[in-house]
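Quick notes on the structure that follows.
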Amino acid sequence: MSENLRLIQLGHSAYGRKVALVQEPNLVLLQPFSSVYALAQHAIQKNIDIREIIHQAISDELLAYEGVYENKSDWHLLPAFDNPDNPFACLVSGTGLTHRKSAMNRQVMHQEEQTSLTDSMKMYQWGIEGGRPAPGVVGAQPEWFYKGQGHILRAHGQPLEIPAYGNGGGDEPEIAGVYMVDTQGNPRRIGFCPANEFSDHIMEKKNYLYLAPSKLRNCAIGPELVIGAAFQKIKGKVSAYRSGQIIWSKEIHTGEQAMAHSLANLEYHHFKYESHRVPWQAHVHFMGADAFSYGEQIKLMDNDLMEVYWEGMGRPLRNTLKVSQETEKMITVKPV
């Protein structure tokens with residue numbers, strides 16, 4: 001089977017969680033699965049192609065996609081993938097400096113002299129020189145960052161928040177790879193989905209050593225997970241809206257042809273760590289951005305809308321930005 005299949009996860013106050021196959025303009029519910037995680041786990045256990053499992057699970061229950069997508073239904077969208085029974089066993093992470101434009105934005109953020117290369121540009125150059133090794137050969141190691149566990153994943157239509165301790169927040173339009181680890185400790189790729197990695201660029205700009213805490217934010221994936229999609233050359237568009245009016249938009253590109261590293265090299269350097277190959281562990285891994293609004297001096301504000309669209313990856317991902325109205329407070333650690 002070589003077809004691409006588009007899945008969504010959705011929920012209902014009375015009927016609970018469901019998985020559906022997108023067949024525009026409808027959603028076809030899959031039975032008996034309540035999550036993509038359970039669907040993929042079943043495919044792995046049975047050693048059957050997940051697309052075959054999906055076709056076997058198709059029911060005669062249809063929902064109108066438009067109402068769900070626009071939040072005008074009793075059903076609501078969930079993140080395109082998660083580990084619903086154990087969010088702690090879902091690692092959310094990413095790889096940066098994979099696209100030249102992103103590396104250039106980092107260069108401008110952190111350079112002290114126009115003639116000097118920052119560590120960010122040096123790392124990007126290592127990717128250019130060694131990020132596409134021959135099959136079976138270990139290539140240059142990319143940047144890697146931790147975002148959190150499954151609790152931080154948000155769905156299409158849900159807000160992404162600048163917390164009280166944050167300095168800012170901005171779009172990171174990407175594609176995320178979705179994975180599970182089988183009982184033998186082998187990583188298995190399920191598919192790809194549109195993503196907004198959402199980072200605190202103002203905090204990062206203070207000092208590049210603040211990159212790690214600037215990534216500890218919620219993020220969005222979806223609305224759809226695409227199974228069978230090639231990760232070669234994908235074009236898209238990222239936009240920001242304020243009060244219904246567009247304030248910034250940019251054509252974006254991703255996939256191996258737009259990146260310094262091959263997909264195989266990125267996946268190797270993520271899964272080479274034994275702690276990333278725990279049986280039935282779930283992974284959501286961001287593949288890097290081609291452009292983001294903060295790189296063009298756009299500072300997003302409360303209630304601004306961020307939109308990420310990738311051709312062939314389903315409907316656009318839309319999330320509003322919310323600025324926390326709370327005041328940062330100390331957390332006191334008490335002895336047991």
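If you read the sequence from its start, that first residue is 1, and numbering goes on from there.
- Remark: Asp82 does not engage Arg154 in a salt bridge, criterion side-chain N to carboxylate O under 4.0 Å.
- A side chain to side chain donor-acceptor pair (under 3.5 Å) with Lys322 holds for exactly one of Asp302, Asp304, Asn303; it is Asn303.
- Closest approach of His270 and Ser93 over heavy atoms only: CE1-OG, 3.2 Å.
- Between Arg242 and Leu300, the closest heavy-atom pair is NH2-CA, 4.0 Å.
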Problem set entry | Arg51 vs Glu3, salt bridge (Lys or Arg N to Asp or Glu O under 4.0 Å): CA-CA, chis, key distance, verdict | CA-CA 8 Å; Arg51 286 165 289 194; Glu3 63 180 326; over 6 Å; no
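- The backbone N or O of Leu209 lies less than 3.5 Å from a partner atom in the side chain of Asn207, making a donor-acceptor pair.
- In summary, the side chains of His276 and Glu274 do not present any donor paired with an acceptor at a separation below 3.5 Å, with no hydrogens or angles considered.
- To the nearest 0.5 Å, the span separating CD1 on Ile50 from CE on Met180 amounts to 9.0 Å.
- When every heavy atom of Lys215 is checked against every heavy atom of Lys147, the shortest pair comes out as O-NZ, 2.7 Å.
- In terms of heavy-atom proximity, Ala80 sits nearest to Cys193 at CB-CB, 4.3 Å.
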For this session: Give the intermediate values and the outcome of side chain to side chain contact (heavy atoms under 4.5 Å, CB included) for residues Leu153 and Asn218.
Result: CA-CA 6 Å; Leu153 296 173; Asn218 50 28; over 6 Å; no
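- A cation-pi arrangement is present between Arg315 and Tyr69 under the rule of less than 6.0 angstrom and at most 45 degrees off the ring axis.
- When all heavy atoms of Asn319 and Gln158 are compared, the closest pair comes out as ND2-O, 2.7 Å.
- A donor-acceptor pair is defined here as one N or O able to donate and one able to accept, closer than 3.5 Å; no such pair exists between the side chain of Tyr294 and the backbone of Gly168.
- Glu70 places no side-chain N or O within 3.5 Å of a backbone atom of Val68 that could act as its donor or acceptor partner.
- Ion pairing between Glu197 and Arg217 fails under the 4.0 Å rule for side-chain N and carboxylate O.
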Exercise. Yes or no on side chain to side chain donor-acceptor pair (under 3.5 Å) for Glu224 and Tyr65, after CA distance, side-chain angles and deciding distance?
Worked result: CA-CA 12 Å; Glu224 302 172 26; Tyr65 191 4; 2.7 Å; yes
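- Smallest separation of non-hydrogen atoms from Glu143 and Leu211: OE2-CD2, 2.7 Å.
- Panel note: side chain Asp200, backbone Asn167; a donor-acceptor pair is recorded below 3.5 Å.
- The only member of Phe81, Tyr179, Phe231, Trp310 that meets ring pair (Phe, Tyr, Trp, His ring centres under 6.0 Å) when paired with Phe192 is Phe231.
- Both tests do not hold together for Lys237 against Tyr309: distance to the six-membered ring centre under 6.0 Å, angle to the ring axis within 45°.
- In terms of modelled atom types and a separation under 3.5 Å, the side chain of Ser59 and the main chain of Leu29 share a donor-acceptor contact.
- Val333 belongs to no hydrophobic cluster, as no Ile, Leu, Val, Met, Phe, Trp or Tyr side chain comes under 4.5 Å of its own.
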